[in-house]
Asks: 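Here it is, the structure in full.
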Amino acid sequence: MRKKIIIISVCVLALLAAILIPIILLSRPAAGKIIVIPLSGTITTGDYSLVSSSTITPGLVRYYLSKVEKDKAVKAIVLCIESPGGEIEPCQEILWEIERVKETMPIVVSMEGTAASGGYYISTQADKIVALPTTQTGSIGVISQLVNIEGLLEKLGIQIETFKGGKYKDMYWGFRELTPEEEEIMQAMVDEYYEQFIDVVAEGRGLNKEEVRNLATGQLYSGTKAKELGLVDELGDLDTAINLALELAGLETAIVEYYQPPRFTLWSLLGFVNAIQVRLSGLSAQDITLLEILSHNYRQPLFLYQS
């Protein structure tokens, strides 16, 4: 009789366990996620393509961040940045995207070998910035270069006939020397973007404008020096950045998920010619992008460190 009671009791306990354990597991919150996003290459306009792994575009950043926003388990983001910067307009678009998502979750930047000029610009609004001691960062400044080929055209016996509507319409083409008035116009534009860069760094890093202005000489700083100057928060690697993200998200542990560049899509077919061009020329995708930036008819100012 006693043995029968024990057997019944064990069966009842087993039945209760079978019912309660799944309920308890389902009621527990899902483990939070830390997402690691790679951003590597020159910053330029456009969407992602076959060469997106060697360029950073607003479209690529939106692709990554839209994935993040669809995953309710994500509690923080780590951006791995390796970039010398690039065009100003996409730098600003990317910065706005980062600021928007930062309102909903912490963002930490992990700088790799180079995160300079525009690469630093897009990092400034992160909650924390981590750099390697040897990272090349800073290069806070703006550059715009116009190539004057007037003398070369004369030697080749080529004469350009220009018809324009607007006094300054041909000042950007490089077929003649700029007038003093036009040089003032170009410098004023560069100065405007330079002040914008200073404002963004001052706001993001909690520094006053004069402090930033003294640092904004266009020079590179090592990660160690950048920390001394208040341009980054911590020295360390990706693991350091992930631990900071955990802390900011209020988590003791989390699943760390590493996003990969977008796979081949119908849209990426549009970049197929670029991929062939890279193969045939022997240049890297970043070199090709840089050449495209510098070959624009309108030589716009750049947030770019040129090594």
Asks: Would you say that Lys209 contacts Asp199 through its side chain, given a criterion of any heavy-atom pair below 4.5 Å between the two side chains?
Replies: yes

Asks: Is there a side-chain contact between Met105 and Val68 (heavy atoms, below 4.5 Å)?
Replies: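 The answer is yes, as the side chains (C-beta and beyond) meet within the 4.5 Å cut-off.
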
Asks: When rounded to the nearest 0.5 angstrom, what distance separates OG1 in Thr224 from CG in Leu235?
Replies: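 If I round to the nearest 0.5 Å, the distance is 5.0 Å.
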
Asks: Same cluster or not: Ile37 versus Leu95, using hydrophobic residues (I, L, V, M, F, W, Y) connected whenever any side-chain heavy atoms lie under 4.5 Å apart?
Replies: yes

Asks: Using side-chain heavy atoms (C-beta onward) and a distance below 4.5 Å, is Ile35 in contact with Tyr64?
Replies: no

Asks: Report, as yes or no, whether the 6.0 Å neighbourhood of atom CD on Glu183 holds more than 12 heavy atoms from other residues, nucleotides or ligands.
Replies: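 Above 12, so yes.
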
Asks: For Glu69, give me all partners under side chain to side chain donor-acceptor pair (under 3.5 Å), at least two apart in sequence or on another chain.
Replies: Arg100

Asks: Where is the tightest heavy-atom contact between Thr137 and Ser222, given as atom of each residue plus distance?
Replies: CG2-O, 4.5 Å

Asks: Could you tell me which non-hydrogen atom of Leu246 sits nearest to which non-hydrogen atom of Ala254, and how far apart they are?
Replies: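 Closest pair (atom of Leu246, atom of Ala254, distance): CD2-CB, 3.5 Å.
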
Asks: What orientation do Tyr121 and Phe197 show, parallel under 30°, tilted 30 to 60°, or perpendicular over 60°?
Replies: perpendicular

Asks: Roughly how far, to the nearest 0.5 Å, is CD of Glu87 from OG1 of Thr57?
Replies: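 Those atoms lie 11.0 Å apart.
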
Asks: Would a hydrophobic clustering, with Ile, Leu, Val, Met, Phe, Trp and Tyr connected at side-chain separations under 4.5 Å, put Ile77 with Val36?
Replies: no

Asks: Nearest 0.5 Å, what's the CG-CG distance between Asn214 and Asn208?
Replies: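 Answer for the CG-CG pair, Asn214 versus Asn208, is 8.5 Å.
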
Asks: Please determine whether side chain to side chain contact (heavy atoms under 4.5 Å, CB included) holds for the pair Leu244 and Val78, giving the CA-CA distance in whole Å, both sets of side-chain angles, and the decisive distance to 0.1 Å.
Replies: CA-CA 9 Å; Leu244 271 175; Val78 175; over 6 Å; no

Asks: Can you tell me if Tyr221 and Glu228 form a side-chain donor-acceptor pair at under 3.5 Å?
Replies: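 Glu228 and Tyr221 do not have a side-chain donor-acceptor pair below 3.5 Å.
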
Asks: Determine, stepwise, if the pair Ser144 / Met189 fulfils side chain to side chain contact (heavy atoms under 4.5 Å, CB included).
Replies: CA-CA 9 Å; Ser144 183; Met189 181 181 293; over 6 Å; no

Asks: Going by an N to O cut-off under 4.0 Å, is there a salt bridge joining Lys128 and Glu234?
Replies: no

Asks: Looking at every heavy atom in both Ile56 and Ser83, which two are closest together, and how far apart are they?
Replies: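 Shortest heavy-atom separation between Ile56 and Ser83 comes out as CD1-CB, 3.7 Å.
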
Asks: Under the criterion side chain to side chain contact (heavy atoms under 4.5 Å, CB included), I'd like the reasoning laid out for Leu79 against Ile122: C-alpha separation, chi angles, the key distance, then a yes or no.
Replies: CA-CA 10 Å; Leu79 301 175; Ile122 65 174; over 6 Å; no

Asks: Hey, does the side chain of Gln219 reach the backbone of Gly138 with a donor-acceptor pair shorter than 3.5 angstrom?
Replies: no

Asks: Are Lys227 and Asp233 side-chain neighbours, meaning at least one heavy-atom pair lies under 4.5 Å?
Replies: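 No, too far: nothing below the 4.5 Å cut-off.
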
Asks: Please lay out, stage by stage, how Tyr258 and Leu238 fare under the test side chain to side chain contact (heavy atoms under 4.5 Å, CB included).
Replies: CA-CA 11 Å; Tyr258 297 82; Leu238 178 57; 3.9 Å; yes

Asks: Please find the pair of heavy atoms, one from Gly223 and one from Ala131, that lie closest to each other, and give the distance.
Replies: CA-CB, 4.2 Å

Asks: So with a 6.0 Å cut-off around NZ of Lys225, is the heavy-atom count from everything else above 12?
Replies: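 No, not enclosed.
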
Asks: Could you check whether Gln187 and Asp191, counting side-chain N and O atoms only, form a donor-acceptor pair closer than 3.5 Å?
Replies: yes

Asks: Any chance the side chains of Thr240 and Asp237 put a donor and an acceptor closer than 3.5 Å?
Replies: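 The answer is yes; a qualifying pair exists.
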
Asks: Could you see if Tyr193 belongs to whatever hydrophobic cluster contains Val212? Use Ile, Leu, Val, Met, Phe, Trp, Tyr and a side-chain cutoff under 4.5 Å.
Replies: yes

Asks: If you count the non-hydrogen atoms of other residues, nucleotides and ligands that lie under 6.0 Å from NZ in Lys72, is the total more than 12?
Replies: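 No, because the 6.0 Å sphere around NZ of Lys72 holds 12 heavy atoms or fewer from other groups.
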
Asks: Do the side chains of Val108 and Leu231 join up, straight or via other hydrophobic residues, at under 4.5 Å, putting them in one cluster?
Replies: no

Asks: Can you list everything that forms a side chain to side chain donor-acceptor pair (under 3.5 Å) with Asp127? Sequence neighbours excluded, please.
Replies: none

Asks: Would you say the side-chain atoms of Glu181 and Thr179 include a donor-acceptor pair closer than 3.5 Å?
Replies: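 Note: Glu181 and Thr179 side chains miss the donor-acceptor criterion.
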
Asks: Closest approach of Met186 and Tyr172, non-hydrogen atoms and distance?
Replies: SD-CE2, 3.5 Å

Asks: Looking at NZ of Lys75 and CG of Asp71, how far apart are the two atoms once the value is rounded to the nearest 0.5 Å?
Replies: 9.0 Å

Asks: Check whether any side-chain heavy atom of Met171 sits under 4.5 Å from a side-chain heavy atom of Arg176, and report yes or no.
Replies: yes

Asks: What distance separates Leu60 CG from Ile94 CD1, expressed to the nearest 0.5 Å?
Replies: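 Taking CG in Leu60 and CD1 in Ile94, the distance rounds to 8.0 Å.
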
Asks: Could you tell me which non-hydrogen atom of Ile88 sits nearest to which non-hydrogen atom of Pro301, and how far apart they are?
Replies: CD1-O, 3.3 Å

Asks: Thinking salt bridges, do Arg213 and Glu195 make one under a 4.0 Å N-O criterion?
Replies: yes

Asks: May I ask you to check whether over 12 heavy atoms, not counting those of Lys102, lie within 6.0 Å of atom NZ?
Replies: yes

Asks: State yes or no: do Ile34 and Leu39 share one hydrophobic cluster built from I, L, V, M, F, W and Y residues joined by side-chain heavy-atom distances below 4.5 Å, directly or via other members?
Replies: no

Asks: Considering only heavy atoms from C-beta outward, does the side chain of Thr45 approach that of Pro58 to under 4.5 Å?
Replies: no

Asks: Could you tell me the separation between the CG atom of Leu229 and the CG atom of Leu207, rounded to the nearest 0.5 Å?
Replies: 9.0 Å

Asks: Tell me if a side-chain donor or acceptor on Glu112 pairs with a main-chain N or O of Cys80 at a distance below 3.5 Å.
Replies: no

Asks: Would you say that Ile129 contacts Arg205 through its side chain, given a criterion of any heavy-atom pair below 4.5 Å between the two side chains?
Replies: yes

